[in-house]
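So you know, we letter chains A, B, ... as the sequences are listed, proteins then strands, and number each from 1. The figures here come from the full heavy-atom set of this structure, side chains too, leaving out hydrogens, waters and symmetry mates. It should be emphasised that the depicted structure is a prediction, and the values quoted were computed from it without experimental measurement.
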There are 2 protein chains.
Amino acid sequence: MPRRPRTPLGSRRALLDAAAAEFAARGYAAANVDRIARVARLNKAMIYYHFRSKAALYREILRDMFDAVGSRVRAIAASDASPEDKIRSFIDVIAIEGEARPHFPPMWLREIAEGGGRVDTQTLRYAMDVLGSLGAIIDEGCRAGRFRPVNPMLIQGGIVAPLMFFLATAGVRRRLDRAGAHGASKFSREDLVTHIQHVTLAVLEGRIA
Amino acid sequence: MPRRPRTPLGSRRALLDAAAAEFAARGYAAANVDRIARVARLNKAMIYYHFRSKAALYREILRDMFDAVGSRVRAIAASDASPEDKIRSFIDVIAIEGEARPHFPPMWLREIAEGGGRVDTQTLRYAMDVLGSLGAIIDEGCRAGRFRPVNPMLIQGGIVAPLMFFLATAGVRRRLDRAGAHGASKFSREDLVTHIQHVTLAVLEGRIA
DNA sequence: GTCTATAAATAGATAGAC
DNA sequence: GTCTATCTATTTATAGAC
């Protein structure tokens, strides 16, 4: 007997979720549309009904993820908090959004490795928003005499790279732990965020170099 | 007329080089053995003559890279330099080896995203060596009363993740630069290494948190 | 050691029924 | 909206000549 259709666009949502998991775990090329459909408890043809192609499906997922992070970061930069608090929030948001979307960190890592060759203009804009917002926060702190001018790319790298690394390696770290490495997974996202906040502010306030 | 064979194992070297470039740029699944052979100015069948399979070729490249970094790091940990200098050298070596092997950073990023599912036991051992050596250096510094006990994984993440990120994004950063982001690529590997050295030592010596 | 030719499997995409 | 069946292209891998 045929299953009854789910709520309108429910199948679309199911496909997006299954696809995000597949793309994150295997990467674009190794991802398999049949498997995506099966996980979503649907047929492969539904992917081509809701999306144009495997590539379009991928781009939509990536765009949504960058959009979510980008808009939250923009809001922080535009708020009237102090530069220090903005930096803390910036770090918090990257970590929270990254943890709330477990498929984002691996996909981000893969795109970096890819050299960004697969990101569309829209997605690139979101990514640049993040860097631009961080730059604006730093500028503001400099004008207020509280930050030293530091290359935003350097600051962003010190924040985002470790965060994505740690979020993407939750699984491996547990394996390393069991294999004998000491305490590889013995700290939480909050510990890491606090650490990065302290380091980043120390750098920006010139308490280090 | 048939080209004459190159020096013994010259074809093997050519295939390894071409394959590293292909795997780094496209990832394992999207890499194409035909293209690897063409770039090496050889025939696809030569890949199966020198290596068992595409997968074996991939693992050999990955293992060589981790081996090179692992053994240099082990040597640093075993030297009689001060803990501070060992930390500096550790960071230097990761950066230098990563820059000397431009295909390593992207492959590293992809493996992290993959959750390490493709690394063989040998390669995993090399990777654990790096973390183990860093842990030993930190322990030594602690016993000498110069470092605070900090989770090695936290320190390693703060060093390796930004380095791999920056080395892997040389190309994208130039594109972002032209697209309007300010000064994205306006610093060198030395600048970055110096920065990471300062930050890492500040953390280990308890001058931050 | 190196090549040609080909086998065999996989996987993206579409047509058309229900 | 959902599924079955199928077309087509790509691609790993091998057999065998030179």
Anything under 3.5 Å between a protein N or O and an N or O of nucleotides 7-11 of chain D, put it in a table, one pair a line.
residue, atom, partner, partner atom, Å
D:dT11, OP2, B:Asn32, ND2, 3.3
D:dT11, O5', B:Asn32, ND2, 3.3

I need the [atom1]-[atom2] distance between [X] and [N], as an integer number of Å.
| X | N | atom1 | atom2 | value |
| --- | --- | --- | --- | --- |
| B:Glu22 | D:dT12 | CD | P | 9 Å |
| A:Ile36 | D:dT2 | CD1 | C1' | 18 Å |
| B:Arg12 | C:dG1 | CZ | C1' | 14 Å |
| B:Leu57 | D:dT12 | CG | P | 11 Å |
| A:Tyr49 | D:dG1 | OH | C1' | 5 Å |
| A:Asn43 | C:dG12 | CG | P | 13 Å |
| A:His50 | D:dC3 | NE2 | C1' | 13 Å |
| A:Arg38 | D:dC3 | CZ | P | 14 Å |

Is the shortest heavy-atom distance from the side chain of A:Val130 to the side chain of A:Phe66 under 4.5 Å?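 A:Val130 vs A:Phe66: side chains apart.
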Ring centers of A:Phe165, B:Phe165 separated by less than 6.0 Å: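 That pair fails the under 6.0 Å test.
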Can you find a side-chain donor-acceptor pair between A:Ser89 and A:Asp92 that sits under 3.5 Å? no
Check whether more than 12 heavy atoms from other residues, nucleotides or ligands sit under 6.0 Å from atom CZ of B:Arg52, and answer yes or no. no
Options C:dC3, C:dG1, D:dT4, nucleotide nearest the side-chain atoms of A:Ala45: D:dT4
From the list D:dC3, D:dT14, D:dG1, which nucleotide is the closest neighbour of the side chain of A:Leu42? D:dC3
Hey, could you give me each pair passing side chain to side chain donor-acceptor pair (under 3.5 Å) that has a residue in residues 191-200 of chain A? Not counting sequence neighbours. A:Ser188-A:Asp191
Side-chain N or O of A:Tyr48 closer than 4.0 Å to phosphate OP1/OP2 of C:dT14: no
Phosphate OP1/OP2 of D:dT12: any B:Ser53 side-chain N/O under 4.0 Å: no
For B:Leu167 and B:Glu99, the nearest pair of non-hydrogen atoms, with its separation, is CD1-N, 4.0 Å
For a quick check of understanding: with a heavy-atom distance under 4.0 Å over all strands, which category does B:Leu9 fall into, base, sugar-phosphate or nothing?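 Sugar-phosphate contact only.
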Sidechain N-carboxylate O distance under 4.0 Å for A:Arg110, A:Glu114: no
